[in-house]
Amino acid sequence: MVKETSLIDEIVSLCKRRGFVFQSSEIYGGINGFFDYGPLGVELRRNIKDAWWEDMVRKRDDMVGLDSGIIMNPKVWQASGHVDGFSDPMVDCRESKIRYRADQLLAADVRVEGDSLGWICLLEAVSMQDDAEKIAESMKRKASKQGKLESITLRPFDELSSEERSLVPSPATGTVGALTEPRDFNMMFETNVGALRDASSVAYLRPETAQGIFTNFKNIVDTGRVKIPFGIAQIGKAFRNEITPRNFIFRSREFEQMEIEYFIPPDEDLWTQHHRNWIETRLAWFGSIGLKSDFLGEEVHPSEKLAHYAKACTDITFKFPFGEHELEGIAARGNFDLNQHQQHSGKNLEFFDEIRKERYLPHVIEPSLGVDRTFLAVICAAYNIDEVEGEKRTVLRFHPRVAPIKAGVFPLVKNKPELVDRARKLYYRLQRKWNVIYDQSGAIGRRYRRIDEVGVPFGITIDFETIEGDGSITLRDRDSTKQQRFSEDELIYYLDDKINP
RNA sequence: GCGGGCAUAGUUUAGUGGUAAAACCCCAGCCUUCCAAGCUGGUGUCCUCGGUUCGAUCCCGAGUGCCCGCACCA
């Protein structure tokens with residue numbers, strides 16, 4: 001599945017047809033970058049989140065959970081760098097349609113003894129000063145200008161005056177005046193807290209859940225009986241006003257994150273080991289929800305592309321039909337965030353290590369995962385069209401652990417009351433443990449195919465052997481389409497083993 | 001944000017300046033002893049608003065959404 005644009009379209013259609021994902025506010029024409037999850041979608045999401053919470057929080061001794069609010073004191077976002085970092089002014093070239101970050105676009109006036117030969121413009125690069133001087137020299141030669149070239153001072157485009165900007169040529173086409181004024185793109189959604197709407201009431205919808213963890217670090221240390229190393233986990237909605245939401249639910253403006261901040265001692269030699277541990281832990285977890293290793297990849301961020309506070313960042317990627325993209329980022333963030341919050345809040349956030357008898361600001365490893373991306377990955381990995389006895393069937397091979405519906409219960413035919421009653425009784429028994437469905441309409445084969453398409457791993461059929469013979473029940477496996485017979489108790493034991501491994 | 005394409009039933013698509021079709025799906029009923037059998041019936045503001053026109057789903061304009069490319073993704 002390298003580049004097959006129709007595959008993702010088929011998956012989008014299936015998601016709508018079977019009630020996994022709907023476009024938000026569809027009856028009003030939709031709204032770009034927002035989605036709703038239907039009856040099956042909400043089950044799948046819950047199962048993904050529950051599996052994560054179960055494995056990352058409840059089954060570990062070194063993790064605790066948190067649920068912080070979406071709206072926080074706006075100072076949080078000043079401390080975290082999001083208020084500034086989110087508003088990179090952008091410049092467009094009207095001719096080439098290429099967009100630049102204004103602070104990465106450098107310009108200088110080329111002057112010879114007081115006379116301007118015109119402006120030059122180039123992109124931020126290691127060699128930009130040398131390049132600029134070479135260009136200036138050649139401009140001087142072409143202009144056949146005598147005299148001494150003044151030294152070239154490159155300045156970011158957004159620091160020039162408006163008149164100066166109008167003299168700068170586009171780096172793509174060389175045309176003066178093709179560049180637009182810098183425009184702000186702030187990715188945080190703003191709102192107002194309180195009845196008065198003024199500058200002092202502005203607040204933001206969180207663009208990540210992580211900051212709620214950092215701001216509660218002291219509370220948890222003071223109350224939670226935790227010892228470093230330990231982690232705080234949170235699942236919650238986050239909002240980013242993306243310029244261009246794309247690829248279905250892969251990049252949307254409202255999404256849900258599952259984030260961990262794992263606090264470790266500040267020793268220089270410790271973090272690599274913890275970082276690697278988390279990458280392995282997370283890869284294994286993806287396997288446990290049915291994302292096979294041949295769909296997964298690891299992408300190490302090159303050091304020059306890292307944010308200035310990050311020591312390392314490794315993405316776990318998934319091979320989507322539209323390309324291989326990030327599912328989860330596992331970053332080593334040092335103590336940047338706690339340090340920022342300590343400075344901005346004026347509160348001491350140091351941890352007292354009882355064993356070492358010292359106080360320090362712990363460093364963190366941050367495994368940060370998108371629920372919606374995981375959801376899409378699970379559906380893409382599960383989506384299959386195969387042939388059974390010459391007939392095509394669409395089947396979602398969900399791992400039983402995340403499958404929205406665990407089993408379908410069927411009487412072989414519906415016009416025999418004994419079959420129907422027995423099937424209903426079993427249905428009500430299974431319903432107490434799992435999300436199961438009952439279906440008696442149409443031929444049995446049609447019912448099997450119908451549950452295949454929504455990824456139900458098991459079909460359970462009450463037939464004449466059940467009511468007239470040894471009482472055994474047929475279990476039909478979604479992936480192999482093979483049937484096995486079980487007693488009712490064996491059946492429940494078998495299902496439990498598969499669904500909760 | 002820019003450029004290009006697209007918008008008809010739940011889905012995939014046909015079609016027309018004069019009251020809109022097919023297949024599949026779905027729902028109800030009949031039938032049915034093991035992988036989409038069959039029969040009957042049911043389910044539509046042709047994306048929205050405005051314009052041209054006697055009349056617009058079709059032509060024009062704007063908006064919205066989707067897809068592709070560019071750029072962006074702290």
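The model shown is predicted, which means the values in this text are computed figures rather than measured ones. In what follows, chains are A, B, ... by sequence order, proteins preceding strands, each numbered from 1.
Not one side-chain nitrogen or oxygen of N415(A) sits closer than 4.0 Å to the OP1 or OP2 atom of rC30(B). For rA74(B), the OP1/OP2 oxygens have no side-chain nitrogen or oxygen of R240(A) closer than 4.0 Å. The shortest distance between the side-chain N/O atoms of N32(A) and the OP1/OP2 oxygens of rC66(B) is below 4.0 Å. Look at R450(A) and you'll find a side-chain N or O under 4.0 angstrom from OP1 or OP2 of rC26(B).
Side-chain proximity of A443(A) to rA37(B), rA36(B), rA74(B): nearest is rA37(B). Side-chain proximity of E208(A) to the nucleotides rA74(B), rU32(B), rC35(B) is greatest for rA74(B). In this structure, of rG29(B), rA37(B), rU33(B), it is rG29(B) that holds the atom nearest to the side chain of K414(A). Of all nucleotides listed (rG65(B), rU33(B), rU11(B)), rG65(B) comes nearest to the side chain of Q23(A).
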Donor-acceptor list for residues 366-374 of chain A side chains, cut-off 3.5 Å, not counting sequence neighbours:
unit_1  : atom_1 : unit_2  : atom_2 : d
S368(A) : OG     : E259(A) : OE2    : 2.7
D372(A) : OD1    : E256(A) : N      : 2.8
D372(A) : OD2    : Y37(A)  : OH     : 2.7
D372(A) : OD2    : R45(A)  : NH1    : 2.8
R373(A) : NE     : F250(A) : O      : 3.0
R373(A) : NH1    : E326(A) : O      : 3.2
T374(A) : OG1    : G370(A) : O      : 2.7

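Here L412(A) lies in heavy-atom contact (under 4.0 Å) with a base.
A side-chain hydrogen bond (donor to acceptor under 3.5 Å, both in side chains) with H341(A) is found for one member of K75(A), Q211(A), K347(A) and no other, namely Q211(A).
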- Under 3.5 Å for both distances, Watson-Crick or G-U wobble, that's the pair rule; now give the dot-bracket for RNA chain B, with | marking pairs to another strand and [ ] for crossing ones. (((((((..((((....[..)))).(((((.......)))))....(((((..]....))))))))))))....
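For the 3.5 Å distance criterion, the side chains of Q431(A) and Y427(A) qualify, holding a donor opposite an acceptor. Looking only at atom types and distance, the side chain of R450(A) has a donor-acceptor partner in the side chain of S441(A) under 3.5 Å away. Side chain to side chain, T317(A) and E298(A) fail the donor-acceptor criterion of an N or O pair below 3.5 Å.
Taking every heavy atom of residues 460-467 of chain A and every atom of RNA chain B, pairs under 4.0 Å involve D463(A), F464(A), by number. Within a heavy-atom distance below 4.0 Å of RNA chain B, the residues of residues 247-257 of chain A found are F248(A), R251(A). A heavy atom lying under 4.0 Å from RNA chain B marks the following residues of residues 474-490 of chain A, by number: R476(A), T481(A), Q483(A).
For the pair R476(A) and Y448(A), the distance from NZ or CZ to the six-membered ring centre is under 6.0 Å and the angle to the ring normal is within 45 degrees.
With respect to the salt-bridge test (charged N to carboxylate O, under 4.0 angstrom), the residues R240(A) and E254(A) do not qualify. Checked for salt-bridge contact, R485(A) and D463(A) meet the test: a charged N lies under 4.0 Å from a carboxylate O. Using a 4.0 Å cut-off between a side-chain N of Lys or Arg and a carboxylate O of Asp or Glu, D479(A) and R397(A) qualify as a salt bridge.
Under the rule for a side-chain hydrogen bond (donor to acceptor under 3.5 Å, both in side chains), the partners of R429(A) that lie at least two apart in sequence or sit in another chain are E488(A), D489(A).
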